[in-house]
Amino acid sequence: MEKVIGSVNYHFFSTPSHVPDECYTAYDPFFLHQPDYGGINTLFVSGLPDDVKAREIHNLFRRRPGFDSCQLKYTGRGNQVVAFATFVNHQSALAALHSLNGVQFDPQTGSVLHIEMARSNSRRKRKPGSGAYVVIDNRNKAVGDAQESSGDDSGESEADEAPGDEGDLKIPKGEAVDNPETAVPTENAEKTIDDVSQDTVDGVSRCSTLFIANLGPNCTDDELKQVLSPYSGFKAVKVRARGGMPVAFADFEGIEQATQVMDALQGSWLGSSDRGGMHIEYARSKMRKS
DNA sequence: AGCACA
């Protein structure tokens, strides 16, 4: 990941100016009462519309670097739905948090995502071959069962707790809890477009051409071609120097192939990289042919 | 935060 050479961060233990020095003892109450999020790699997501689908949560997080798995949870409190997204480490969880917190999730209802570090990690480990997302349904706790789906049936229940003390109850009266079968990630199968050259998922417009930024000053077409050509569907790559730092465009047969490469290579370093790994997005328009 | 080629 990041490498820091020959420099030590001496500011680490420095005192925030608004707090008197004498507060900083080994047993400092400030630190003692502050949750330590350092080991947390799970995000807690609230602000979701109550008709959210696990698949939507999955689509929201799946392309974030370091994503592992996620789960949607019907809390059983009214129609409240929350989600947990687990990443390979704290860094990638934080990065996803920062990039998605506060974004409009549903323009229709105006619901805005509120994302924080979870209080504890999801202990559910993703088994190979199992789905990357799961649903936990506590809505009919009276009947006494939680449900999950997506082929994972490691009978574990979820580990996470919401961070804040969720004071907000939106308990609709006469809530008419519908069938628990909604626990299954229902593919509403009305939208199966995927390998056209452009479509949009969760508000992001996908494209079978990728835009690659954060390249080192010496990056070349050849270097990128080395890295990209093994992937299926790869067609072409062009580096543009454009005065400043180079950027590149990589074209693929279809959106799915472009997406796979984005997933695989997001954040990775090239030999020529100097200021961090590649930043890959869908291009705004498809590469012209020739 | 940075998106060209035709």
Side-chain angles (χ1 to χ4, degrees), chain A residues 1-5 7 9 43 59-67 85 87 89-105 107 112-116 193-290:
Chain A
M1 304 229 52
E2 287 307 312
K3 37 183 161 186
V4 178
I5 303 165
S7 89
N9 187 354
L43 300 178
N59 278 331
L60 186 65
F61 288 105
R62 67 194 301 181
R63 288 188 287 281
R64 300 289 145 184
F67 172 78
F87 290 76
N89 58 30
H90 179 68
Q91 295 301 338
S92 49
L94 247 195
L97 185 158
H98 285 133
S99 64
L100 292 171
N101 192 19
V103 316
Q104 272 230 356
F105 184 75
V112 166
L113 292 180
H114 181 59
I115 309 184
E116 26 192 325
I193 14 165
D194 233 348
D195 281 74
V196 293
S197 74
Q198 202 139 350
D199 77 348
T200 153
V201 170
D202 292 334
V204 5
S205 170
R206 310 199 298 164
C207 180
S208 57
T209 301
L210 297 177
F211 170 72
I212 308 177
N214 210 34
L215 297 168
N218 301 317
C219 183
T220 64
D221 304 66
D222 271 353
E223 183 182 26
L224 270 169
K225 193 175 296 183
Q226 302 289 343
V227 176
L228 296 172
S229 56
Y231 290 90
S232 83
F234 170 77
K235 284 167 66 175
V237 63
K238 297 175 183 174
V239 174
R240 319 256 113 202
R242 215 208 38 178
M245 283 297 160
V247 297
F249 296 87
D251 196 32
F252 297 84
E253 299 290 350
I255 291 180
E256 284 312 308
Q257 286 130 326
T259 302
Q260 280 186 16
V261 169
M262 177 156 98
D263 288 346
L265 264 28
Q266 187 68 266
S268 62
W269 290 58
L270 300 175
S272 64
S273 295
D274 65 340
R275 35 180 85 268
M278 292 187 284
H279 183 39
I280 310 179
E281 301 170 11
Y282 294 109
R284 297 205 183 116
S285 60
K286 172 119 180 104
M287 184 183 289
R288 305 288 173 192
K289 52 180 45 187
S290 85

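Chain identifiers are assigned alphabetically (A, B, ...) following the order of the sequence lines, protein sequences preceding nucleic acid strands; residue numbering begins at 1 within each chain.
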### Task
List the atom of A/F249, the atom of A/R240, and the distance in Å for their closest heavy-atom pair.
CE1-CG, 3.9 Å

### Query
Which atom names give the shortest non-hydrogen contact between A/K235 and A/K286, and what distance separates them?
NZ-NZ, 4.1 Å

Atom [atom1] of [X] and atom [atom2] of [N]: how far apart are they, to the nearest Å?
X      : N     : atom1 : atom2 : value
A/R288 : B/dA6 : CZ    : P     : 10 Å
A/D251 : B/dC3 : CG    : P     : 18 Å
A/N214 : B/dC3 : CG    : P     : 14 Å
A/F211 : B/dG2 : CZ    : P     : 9 Å
A/I212 : B/dC5 : CD1   : P     : 17 Å
A/R240 : B/dC5 : CZ    : C1'   : 6 Å
A/E281 : B/dA1 : CD    : C1'   : 8 Å
A/R275 : B/dA1 : CZ    : P     : 15 Å

### Task
Indicate, yes or no, whether a donor-acceptor pair under 3.5 Å links the base of B/dC5 to the side chain of A/S285.
yes

### Query
Under 6.0 Å between ring centres, would you say that holds for A/Y282 and A/F211?
no

### Query
Are A/F249 and B/dA4 stacked, counting the six-membered base ring, centres under 5.5 Å, planes under 30°?
yes

#### Entry: Sidechain N-carboxylate O distance under 4.0 Å for A/E256, A/R206
yes

### Query
What is the nucleic acid contact for A/K238, judged by heavy atoms within less than 4.0 Å: base, sugar-phosphate only, or nothing?
base

### Task
Remember a base hit wins even if backbone is also touched, and classify A/M245 as base, sugar-phosphate or nothing at under 4.0 Å, heavy atoms.
nothing

